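Everything numeric here is computed off the predicted structure, so don't read it as measured data. Chain A is the first sequence line, chain B the second, and so forth, proteins listed ahead of strands; every chain is numbered from 1.
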Amino acid sequence: MPSRSFIIPASDPFSFDECRWFLDRGFDECMHTILPGRVRKLIPLPGNPVLADLREHPDGIEATLLEGKDATGTEAALRAYVQDWLAPQEDILPFYARLSKVPALAYMPAAFGGLRLIGIPDLFEALAWSIIGQQINLRFAYRLKRRMVERWGESYETGGEVYHLFPQPAVMANADPAELRAMQFTGRKAEYLIGVAQQFASGNISKSSLLALPGLEARRRALTDLRGIGIWSANYALMKSIRDATCIPHGDAGLLNALLSHQLIADKSDHPSMEKLYRRFKGWESYLVAYLWRSLAVKS
DNA sequence: GTCCAGGAAGAAA
DNA sequence: TTTCTTCATGGA
């Protein structure tokens, strides 16, 4: 197939390299491949997975279709996916204006300039990832995710590289919990993952049904009604998958550490200082969280 | 050996 | 309603 490229525009400030770096962070991520100056991902367009290569371009992102059917609508679907994933066209200047007014955070626009909130478009993947990441360090969490993806997800090999799709709910719904347990998932996480997968597979919940609910609280409730999804996971999924700008994964270990290191709170139970800070970022809470998470890692 | 990781559910107080 | 206990393992 002759590869075809097109440009996905971005609004300033946008840094492909900041986004690319965050997608990597030195972790063993299996859902995309980080190469010098570029990112490759097998993207699950409906009924037509395509392998895309993304790199920096003066006007935004240059996307190249490497493998997969280039049918009518493929380009539009890929554009939509990348927007949902990396949000290059989002105008983040209002967020930067807020950052600049908080002395402890005023360095961020220069330090992390152009970074976007990196999304997880697939709601099931976002929820599964939140379950996997509960109460374990990220390095271990990425290892668990890789085992699950390599065992139950579809994959595509080309050029000596293997690209993965996240396992489908219908597949995970029938997974053997003992097999997850053998992969060092806790027994509970195995139950949670399979249970949530069954809810998706049976049609009791989907991204579209969640979006159809009126308001944040109804959506939050729909998620926390799932066994294994507490308030942290619900907010995480709403932030990463729905891109709800007002969601904060309160109590998140990394978030609290970042707030402490910036001396924005006195201790981890200093809720008044947190609320005061979040009020200053009304409508940009998720971005504040994303940048605080970014600050936890030292760019090498 | 100790303590903490991008927590949640169920029991107990 | 709030606070403990358990789950389970890796990394510092």
Under 4.0 Å protein heavy-atom contacts per nucleotide of nucleotides 6-12 of chain C, with B for base, S for backbone only and - for none: BBBSBS-
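- Partners of A:R280 according to the side chain to side chain donor-acceptor pair (under 3.5 Å) rule, which considers only residues two or more places apart in sequence or in another chain, do not exist here.
- Listed by chain and residue number, nothing satisfies the ring pair (Phe, Tyr, Trp, His ring centres under 6.0 Å) test with A:F140 (two or more places apart in sequence, or in another chain).
- By the side chain to side chain contact (heavy atoms under 4.5 Å, CB included) test, A:E90 pairs with A:A87, A:I92, A:R116, A:R243, A:Y287, sequence neighbours left out.
- Sequence neighbours left out, the pairs with a member in residues 243-270 of chain A that pass ring pair (Phe, Tyr, Trp, His ring centres under 6.0 Å) are A:Y107-A:H262, A:H250-A:Y278.
- Listed by residue number, the members of residues 257-269 of chain A with any heavy atom below 4.0 angstrom from DNA chain B are A:N257, A:K268.
- Counting to the nearest Å, the C1' atom of B:dA5 and the CH2 atom of A:W232 are 11 Å from each other.
- In this structure A:N137 satisfies the side chain to side chain donor-acceptor pair (under 3.5 Å) test with no other residue, sequence neighbours excluded.
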Show each protein N/O and nucleotides 11-13 of chain B N/O combination with a separation under 3.5 Å, one pair to a line.
none

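- Residues satisfying the side chain to side chain donor-acceptor pair (under 3.5 Å) criterion with A:Y192, sequence neighbours excluded, are absent altogether.
- Applying the ring pair (Phe, Tyr, Trp, His ring centres under 6.0 Å) rule to A:F166 yields the partners A:F124; only residues at least two apart in sequence or on another chain are considered.
- A:I229 comes within 4.0 angstrom of sugar-phosphate atoms only, judged by non-hydrogen atoms across all strands, and of no base.
- Residue contacts shown for A:S130 are absent, as no nucleic acid heavy atom lies under 4.0 Å away.
- Residues forming a side chain to side chain contact (heavy atoms under 4.5 Å, CB included) with A:A141 (at least two apart in sequence, or on another chain): A:W129, A:I132, A:I136.
- In this structure, A:L292 reaches neither bases nor backbone, as no heavy-atom distance under 4.0 Å exists between it and the strands shown.
- The existence of a salt bridge linking A:R147 and A:E150 is excluded, since no basic side-chain nitrogen approaches an acidic carboxylate oxygen closer than 4.0 Å.
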Kindly list each side-chain donor-acceptor pair under 3.5 angstrom involving residues 57-66 of chain A, sequence neighbours excluded, with atom names and distances?
unit_1, atom_1, unit_2, atom_2, d
A:H57, ND1, A:D59, N, 2.9
A:T64, OG1, A:S5, OG, 2.7

